[in-house]
Amino acid sequence: AMPAVRKLENERGSGTCRSGPGVPSRRMDCRPSRTKNPDLWLETCPEISRPICETLREWINAREPDLTESIKWNMLCSSGRKLVCALGAFKKYAGLTFFRGGEIPEAQALCDQSSPTASVRTLRFASIDAMDLGVIRRLVHAAVLLGLVLLAAPAAQLIPLPALAAILMAVAVRMAEWDTFGEVWRA
């Protein structure tokens with residue numbers, strides 16, 4: 001059954017939001033996006049969430065340079081062949097949303113869940129100090145790999161196991177936090 005549709009009106013415009021069983025009763029920002037340009041989107045973020053979103057964007061682009069950015073649902077979305085994650089800027093916090101977060105075990109444990117059956121998971125940050133770069137790197141990388149695995153699943157049975165081992169080693173080397181490894185080694 002399709003949830004009932006209600007109108008959300010405010011001083012900046014109106015939009016359509018879904019409500020009903022299984023849909024959170026929070027008010028959503030359903031207005032059209034402020035802009036389609038990611039740089040302008042960041043400039044128009046609220047003061048509290050702007051530095052958080054800028055930092056998250058920098059981290060995501062540094063670790064996953066092949067992702068493309070677009071503005072959808074008034075969020076800065078990063079996608080490969082499919083949507084991977086999105087940044088949301090709010091008055092009191094910034095959110096990092098994983099579109100298939102329900103399929104990533106670490107995301108299930110860390111993220112806010114509005115519905116236990118929803119696939120979308122969101123991390124909320126009220127300050128830059130609250131962000132853990134290692135966790136964010138792992139979650140973004142897992143989300144990207146999940147998209148690739150689901151896309152290539154039928155062809156994966158044709159790949160020899162030694163080739164898969166080489167691929168996993170290359171991924172492990174790329175994911176390694178060498179500065180942390182050096183600190184642990186010296187300690």
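Numbering of residues begins at 1 and proceeds along the displayed sequence. Because the structure is predicted, anything quoted here is derived from the model rather than measured. Values below: every heavy atom of this structure, side chains too, minus hydrogens, waters and symmetry copies.
By the salt bridge (Lys or Arg N to Asp or Glu O under 4.0 Å) test, Glu54 is found to be paired with no residue, residues two or more places apart in sequence or in another chain being considered. Residues that satisfy the salt bridge (Lys or Arg N to Asp or Glu O under 4.0 Å) test with Asp39, not counting sequence neighbours, are Arg57.
A donor-acceptor contact shorter than 3.5 Å is absent between the side chain of Thr97 and the backbone of Thr122. In terms of modelled atom types and a separation under 3.5 Å, the side chain of Arg121 and the main chain of Phe98 share no donor-acceptor contact. Looking at Ser49, its side chain does come within 3.5 Å of a backbone N or O of Phe90 through a donor-acceptor pair.
The cluster map of Ile, Leu, Val, Met, Phe, Trp and Tyr, joined by side-chain heavy atoms under 4.5 Å apart, puts Trp185 and Val173 in the same cluster. In this structure, Trp59 is a member of the same hydrophobic cluster as Ile104, with clusters built from ILVMFWY side-chain heavy atoms closer than 4.5 Å. Under the 4.5 Å side-chain heavy-atom criterion for Ile, Leu, Val, Met, Phe, Trp and Tyr, Ile128 and Ile48 are members of distinct hydrophobic clusters. Ile136 and Val171 fall within the same hydrophobic cluster, defined by Ile, Leu, Val, Met, Phe, Trp and Tyr side-chain heavy atoms under 4.5 Å apart, directly or through other members.
Taking CG from Leu56 and CE from Met131, the interatomic distance works out to 4.5 Å, rounded to the nearest 0.5 Å. Expressed to the nearest 0.5 Å, how far CG of Leu42 lies from CG of Leu76 amounts to 6.0 Å. In this structure, the separation between CG on Leu87 and SG on Cys77 is 8.5 Å, given to the nearest 0.5 Å. For the atom pair OG of Ser70 and CE of Met75, the computed distance is 11.0 Å after rounding to the nearest 0.5 Å. Atom CZ in Phe99 sits 5.0 Å away from atom CG in Leu83 (nearest 0.5 Å). Between the CZ atom in Arg63 and the CD atom in Glu58 there is a gap of 13.0 Å [rounded to 0.5 Å].
Residues Leu164 and Leu161 meet the side-chain proximity criterion, which asks for heavy atoms closer than 4.5 Å.
Between Val140 and Val84, the shortest heavy-atom contact is O-CG1, 4.4 Å. The minimum heavy-atom distance linking Cys85 with Ile60 is given by the pair SG-CD1, 3.9 Å. Scanning both residues, Pro38 and Ile71, for their nearest heavy atoms gives CA-CD1, 3.9 Å. Scanning both residues, Leu67 and Gly80, for their nearest heavy atoms gives CD2-N, 3.7 Å. Taking both residues in full, the closest heavy atoms of Asn37 and Thr35 are given as N-OG1, 3.1 Å, listed atom of the first, atom of the second, then distance. Looking at every heavy atom in both residues, Trp41 comes nearest to Asn74 through NE1-O, 3.4 Å.
For residues 128-139, the side-chain hydrogen bond (donor to acceptor under 3.5 Å, both in side chains) pairs, not counting sequence neighbours, are Glu106-Arg138.
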